[in-house]
Asks: 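One structure, as structure tokens, below. Some questions next.
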Amino acid sequence: MAQCLKDEGVEKVFGQCGHTNYALIDACDRLGIEYVSFRHEQQAVHAADAYYRVSRKLAVINVHLSPGLTNTVTGVASAAMDGTPMLVITGNTPTYHHPREAHQSMRLHADASQGDIFKPICKRVWRVDDARHLPDVMQRALNIAQTGRPGAVLLDIPMDVFAQKISAETQTRSRRPNFARPMGDAEGVAEAVAMLKAAANPVIFAGNGVALSGAYDTLKALAEQLGAPVATTLVGKGVFPENHPLSLGTTGIWGARVANDTTRTADVILAVGTAFGEADCSSWRPEHTFNIPGTKLIQIDLDPQEIGKSYPVDIGIVGDARATLSQLSAALGDQPRPLAVVEAQRARLDAAKAAWREELEETQEIDTKPIHPARLLKVLSDAAPADAIFVTDVGWNKNGAGQQLEIQGRNGFLTSGGMATMGYSPAAAVGAAMGAPDRKVLGLVGDGGLMSVLGALTTAVELDVPVLWVLFNNFCYSTIRTVGTTYFNNKQGTEFRSPDGELYNPDFQLLAKSFGIKSALIEEPSDLEAGVRAAMAERGPFLLEVRTRGDVPMPRTGYWDIADFLATGND
């Protein structure tokens, strides 16, 4: 198994040790594959997920049985929903104990059935009860995780199977030849070209499929060729440089107003690599983000099940993002749309973007104490290097960041999209820094999120991974606090307070010191810019704590239909 991973180009395996999985840890170590150990398995999975997103090297997890494996569920689900190819390997009790229900065995409906928990979130689950099956299973697992729509696969290996001796040649890469990227149907491409050439207000809507395909340059070239603005999903943020004149930012519930307004009034949408998720589409309400039908839709996706799933399509093209966008570009030619039409759309776009920037300035420049989170995000955006990687958690540091950070570099924004997992950022930032050691990595996290995953800081110290964590400390779960105060006139369970009623959190400065991490605390708005730039210059793990307001909702430019149900809270 270790040799298969080595042949596949795997350099790091993430997880936590246990007696059932240590044989594989040892085998990988002897072949020079690093085992990246975290103090909790979920953190290891988030780190492997982010490591893949920036390095494009397979995410591999190796964990202990039952409690070790169940601790990975949330991380694996998060990675799978966001299209990360992931190989999860877990130990299990010895096969000869399965009918007798051994210690730590998962046995509710079948003997040693821990892998069943993962069937809803994995592309394939194997329990391998004989090592002779491994040569075939390994190459199939590596194929399935990395081809088609990428995702997670699970190999459940009983402890005695790890100890069996077999003789076999590894055949992973040779069993998966370098096939051409699937191209779009020529007739569909021709129809799409004709529709785009006739459009007065076309918009390109790009999702994470662009990143998975590596279609950054192709997307940028097509947008410039067509003269069409580009909006992205939240998870796709960073596939198009947001300092580009054609960038609209993200759409959806907390998207940029200019993005929602432009997509809603477009006459043609060219969607590539996106499933049109609820958060990106304002619960699919036509009056907020996408007015489809009404607007004509061209949808490109590698997965045929995504075509027309959320919105009816005028033209559906099954194909790889990079290959199909290249086809479109070649077919469009040098002057795909009349210059006067392009310039008229550009003038409207420039005016809308200016109005949006002016709207944001109201909170980005405010001098309140505690510091407004919008002001913190603006300072971070201005101070970060152009190729910085922001790894977000939940709340203001995710949705507000998606709305207001300007991401210039590819893979510059990592977040838990489908699951929106609190506690994602601290460990994922470590994985991102390991995958891109030449880039500045900032982990944005709230006080609630950080307290759930403190162990991630220990791994950063142990491996000397230079992450800058920016802690939004507002003594509450601010997003849910807003729900409580807005709809229920109640804050129960949302604030952190001591028995005497005072706001309470650990002393994060002393906490950082106990970890061996440098830190700083910013409370005054006037100290914010200098403090952020000083923290940005640090080369080792660093915790920057900023006291932020917890009573300010994020600017909601789109819509989320849960508000319809919450509105009855006081009735």
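Computed from a predicted model, the values in this text were never measured in an experiment.
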Asks: Please confirm whether the ring centroid of Phe475 lies under 6.0 Å from the ring centroid of Tyr504.
Replies: no
Asks: Give a yes or no on whether the backbone of Ser66 and the side-chain of Gln114 come within a donor-acceptor separation of less than 3.5 Å.
Replies: yes
Asks: Taking the six-membered ring for Trp, are Tyr424 and His46 parallel (under 30°), tilted (30 to 60°) or perpendicular (over 60°)?
Replies: perpendicular
Asks: Please check if the side chain of Arg375 supplies one atom and the backbone of Ile366 the other of a donor-acceptor pair under 3.5 Å.
Replies: yes
Asks: Checking the side chain of Ser478 only, and the main-chain atoms of Gly550 only, is there a donor and an acceptor separated by less than 3.5 Å?
Replies: no
Asks: Is Arg56 positioned over the aromatic face of Tyr52, cation under 6.0 angstrom from the ring centre and no more than 45 degrees off axis?
Replies: yes
Asks: Do Thr90 and Asp156 have side-chain atoms, one donor and one acceptor, less than 3.5 Å apart?
Replies: no
Asks: Quick check: does any side chain N or O of Thr486 sit under 3.5 Å from a backbone N or O of Val483, one acting as donor and the other as acceptor?
Replies: no
Asks: Can you tell me if Glu406 and Ser381 form a side-chain donor-acceptor pair at under 3.5 Å?
Replies: no
Asks: Might you point out which heavy atoms bring Thr251 and Ala231 nearest each other, and give the distance in Å?
Replies: CG2-CB, 3.7 Å
Asks: Using modelled atom types and a 3.5 Å cut-off, is there a donor and acceptor pairing between side-chain atoms of Arg124 and backbone atoms of Val153?
Replies: no
Asks: Could you walk me through whether Arg322 and Asp320 pass the salt bridge (charged side-chain N to carboxylate O under 4.0 Å, His left out) test, one step at a time?
Replies: CA-CA 6 Å; Arg322 188 181 351 157; Asp320 171 80; 5.2 Å; no
Asks: Evaluate Glu242 against Ser247 for side-chain hydrogen bond (donor to acceptor under 3.5 Å, both in side chains), listing each step before the verdict.
Replies: CA-CA 5 Å; Glu242 293 187 324; Ser247 173; 4.8 Å; no
Asks: Applying side chain to side chain contact (heavy atoms under 4.5 Å, CB included), can you list everything that pairs with Pro555, at least two apart in sequence or on another chain?
Replies: Trp396, Gln403, Gln404
Asks: Measure the spacing between CG of Leu5 and CG of Leu142 and express it to the nearest 0.5 Å.
Replies: 6.5 Å
Asks: Do Leu377 and Phe390 make a side-chain contact, defined as non-hydrogen atoms from C-beta onward lying under 4.5 Å apart?
Replies: no
Asks: Indicate whether the side chain of Thr421 and that of Thr74 have a donor and an acceptor atom separated by less than 3.5 Å.
Replies: no
Asks: Just one of Trp284, Trp254, Phe565 clears the ring pair (Phe, Tyr, Trp, His ring centres under 6.0 Å) bar with Trp560, so which one?
Replies: Trp254
Asks: Are Thr363 and His372 linked by a side-chain donor-acceptor pair shorter than 3.5 Å?
Replies: no
Asks: Side-chain contact, heavy-atom cut-off 4.5 Å: Arg285 with Phe290?
Replies: no
Asks: Between atom CZ of Phe542 and atom CD1 of Ile517, what is the distance when rounded to the nearest 0.5 Å?
Replies: 10.5 Å
Asks: Compare all side-chain heavy atoms of Glu306 with those of Arg149 and state whether any distance is below 4.5 angstrom.
Replies: yes
Asks: Might you point out which heavy atoms bring Leu544 and Ala535 nearest each other, and give the distance in Å?
Replies: CD2-CB, 4.0 Å
Asks: So, the side chain of Asp393 versus the backbone of Ser425: is there a donor-acceptor pair under 3.5 Å, distance only?
Replies: yes
Asks: For the residue pair Tyr35 and Asn62, establish whether any side-chain heavy-atom pair is separated by less than 4.5 Å.
Replies: yes
Asks: Between Gln408 and Asn243, does any side-chain donor sit less than 3.5 Å from a side-chain acceptor?
Replies: yes
Asks: Take a 6.0 Å sphere around CZ of Phe515 and say whether it holds more than 12 heavy atoms from other residues, nucleotides or ligands.
Replies: yes
Asks: Checking Thr250 against Thr233 for the side-chain contact (heavy atoms from CB on, under 4.5 Å) test, could you report, in this order, the C-alpha distance in whole Å, the side-chain angles of both residues, the deciding distance, and whether it holds?
Replies: CA-CA 5 Å; Thr250 60; Thr233 65; over 6 Å; no
Asks: For side-chain contact (heavy atoms from CB on, under 4.5 Å), just list the numbers for Ile61 and Met86, CA-CA rounded to whole Å, side-chain angles, deciding distance to a tenth of an Å, and then say yes or no.
Replies: CA-CA 8 Å; Ile61 306 298; Met86 179 174 285; 4.0 Å; yes
Asks: Check the side chains of Gln43 and Gln16 for a donor-acceptor pair under 3.5 angstrom, ignoring hydrogens and angles.
Replies: no
Asks: So Val394 and Thr479, do their side chains get closer than 4.5 Å, heavy atoms only?
Replies: no
Asks: How close do Pro373 and Arg549 get, counting heavy atoms only, and between which atoms?
Replies: CD-O, 4.1 Å
Asks: Going by atom types alone, do Asn71 and Gln42 pair a side-chain donor with an acceptor below 3.5 Å?
Replies: no
Asks: Measure the spacing between CD1 of Ile307 and NZ of Lys309 and express it to the nearest 0.5 Å.
Replies: 10.5 Å
Asks: Distance only, no hydrogens: is a donor on one side chain within 3.5 Å (strictly under) of an acceptor on the other, for Glu41 and Thr72?
Replies: no
Asks: Take Asp507 and Lys513 through the salt bridge (charged side-chain N to carboxylate O under 4.0 Å, His left out) test and state the conclusion after the steps.
Replies: CA-CA 10 Å; Asp507 187 323; Lys513 184 178 180 180; over 6 Å; no
Asks: Will you find, in the side chains of Thr84 and Asp49, an N or O donor that is under 3.5 Å from an N or O acceptor?
Replies: yes
Asks: Are Phe240 and Tyr216, when compared by the centres of their aromatic rings, separated by less than 6.0 Å?
Replies: no
Asks: Would you say Arg539's side chain and Ala537's backbone share a donor-acceptor pair under 3.5 angstrom?
Replies: yes
Asks: Treating Ser78 as the side-chain partner and Gly75 as the backbone partner, does any N or O pair qualify as donor plus acceptor under 3.5 Å?
Replies: no
Asks: Hey, mind stepping through Glu462 and Arg39 against salt bridge (charged side-chain N to carboxylate O under 4.0 Å, His left out) and telling me if it holds?
Replies: CA-CA 11 Å; Glu462 290 166 351; Arg39 306 296 179 96; 2.5 Å; yes
Asks: Within the 4.5 Å heavy-atom criterion, are Lys491 and Thr494 side-chain neighbours or not?
Replies: yes
Asks: Within the 4.5 Å heavy-atom criterion, are Asp447 and Glu545 side-chain neighbours or not?
Replies: no
Asks: Could you walk me through whether Glu11 and Lys6 pass side-chain contact (heavy atoms from CB on, under 4.5 Å), step by step?
Replies: CA-CA 7 Å; Glu11 298 173 356; Lys6 183 77 171 179; over 6 Å; no
Asks: Examine the side chains of Asn260 and Thr289 and answer whether a donor and an acceptor come within less than 3.5 Å of each other.
Replies: yes
Asks: Any cation-pi pair here, Lys237 with Phe413, using under 6.0 Å and within 45°?
Replies: yes
Asks: Does any part of the side chain of Met434, heavy atoms only, come nearer than 4.5 Å to the side chain of Val36, both counted from C-beta?
Replies: yes
Asks: For atom NZ of Lys518, is the number of surrounding heavy atoms from other residues, nucleotides or ligands below 6.0 Å larger than 12?
Replies: no
Asks: Where the side chain of Ser283 meets the backbone of Asp561, is there a donor-acceptor pair that is under 3.5 Å apart?
Replies: yes
Asks: Run the numbers on Val210 and Thr274 for side-chain contact (heavy atoms from CB on, under 4.5 Å), then give the verdict.
Replies: CA-CA 9 Å; Val210 173; Thr274 172; over 6 Å; no
Asks: Checking the side chain of Lys440 only, and the main-chain atoms of Ala388 only, is there a donor and an acceptor separated by less than 3.5 Å?
Replies: no
Asks: Under a plain distance cut-off of 3.5 Å, with no hydrogens placed, do Asp82 and Asn208 share a side-chain donor-acceptor pair?
Replies: no
Asks: Quick check: Tyr311 with Phe276 (ring centres under 6.0 Å apart)?
Replies: yes
Asks: Does the salt bridge (charged side-chain N to carboxylate O under 4.0 Å, His left out) test come out yes or no for Asp217 and Arg410, once each step is laid out?
Replies: CA-CA 10 Å; Asp217 295 336; Arg410 59 186 59 180; 2.6 Å; yes
